[in-house]
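Reviewing the structure listed below.
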Amino acid sequence: LLRAGARAGARVKFDEAVDAKPELEAAWNGHAELTYENGEMEQALSAAEKCLELESESIQCLAIAANASMALGDDATHAEYMARYQVLNPEDPTILFNEAAAFLNKLDDESARPLLEKCLAADPEFPECNFEYGMLLLRSGDMEGAKTHLQKYLEIAPDGPQATIAQETIKYL
């Protein structure tokens, strides 16, 4: 049902599965995912935690637990799950981008550069990494590299939040 896109029907089946076989990690995983997608954050967090009791290294359940706890405003729990997620998935482009963004916010291009490069190596289509790397290259004087990454950003996210800035910057280059 889930593969066929029948999410409501899949949710019913996952609910039945966790009731029938509470030790089945895959059922808790699916239940957590669909509960999270439904916006039921407390239930999603609870399901993800049950999933993690059964399989402590489930990347999907760690991501759901981190996102649900963040949505609930529980910063400490969010930080705990994010730390575990990062250990298991250090090359996740979203994680790499967020780490780079922290340096960019401090105007520390030197520390952000390798993280953005790793982000692009992990996912060359990651819009935010292309945009920020392009802007970093611009600040470092690499106009051609900046133009390449800003154009890539526009190919990937033509209506993205930074599209106007990218277009205007390319005109300048």
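- Take F14 and apply the ring pair (Phe, Tyr, Trp, His ring centres under 6.0 Å) test, not counting sequence neighbours, and it matches no residue.
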Can you give each donor-acceptor pair under 3.5 Å made by side-chain atoms of residues 99-112, sequence neighbours left out, with the distance rounded to 0.1 Å?
unit_1 : atom_1 : unit_2 : atom_2 : d
E99    : OE2    : Q86    : NE2    : 3.2
N105   : ND2    : A101   : O      : 3.2
D108   : OD1    : S111   : N      : 3.1
D108   : OD1    : S111   : OG     : 3.2
D108   : OD2    : S111   : OG     : 2.8
D109   : OD1    : R139   : NH2    : 2.9
D109   : OD2    : R139   : NE     : 2.8
D109   : OD2    : R139   : NH2    : 3.4

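- Sorted pairs that involve residues 138-173 and meet disulfide bond (SG atoms under 2.5 Å apart), not counting sequence neighbours, are lacking altogether.
- Listed for the Y36 side chain is no donor-acceptor partner under 3.5 Å among the backbone atoms of M41.
- Residues satisfying the side chain to side chain contact (heavy atoms under 4.5 Å, CB included) test with K118, not counting sequence neighbours, are E91, L96.
- Taking Ile, Leu, Val, Met, Phe, Trp and Tyr as members and joining any whose side-chain heavy atoms lie under 4.5 Å apart, directly or through other members, I156 forms no hydrophobic cluster with any other residue.
- Ion pairing between a basic and an acidic side chain is recognised when a charged N comes within 4.0 Å of a carboxylate O; E16 and R11 show no such pairing.
- Applying the disulfide bond (SG atoms under 2.5 Å apart) test to residues at least two apart or on different chains, the pairs with a partner in residues 124-173 are C119-C129.
- M70 belongs to no multi-residue hydrophobic cluster, having no ILVMFWY side-chain contact under 4.5 Å with any other such residue.
- Under the rule for a side chain to side chain contact (heavy atoms under 4.5 Å, CB included), the partners of T94 that lie at least two apart in sequence or sit in another chain are D92, N98, F126.
- In this structure, W28 belongs to a hydrophobic cluster whose other members, linked by side-chain heavy atoms under 4.5 Å apart, are V18, L54.
- Proximity of a side-chain donor or acceptor of N89 to a complementary backbone N or O of Y85 within less than 3.5 Å is not detected.
- Proximity of a side-chain donor or acceptor of N38 to a complementary backbone N or O of E40 within less than 3.5 Å is not detected.
- Scanning for side chain to side chain contact (heavy atoms under 4.5 Å, CB included) contacts around S56 gives R84, with sequence neighbours left out.
- Every side chain to side chain contact (heavy atoms under 4.5 Å, CB included) that T77 has, sequence neighbours left out, goes to S69, D74, Y81.
- With sequence neighbours excluded, the residues satisfying ring pair (Phe, Tyr, Trp, His ring centres under 6.0 Å) with Y133 are H149.
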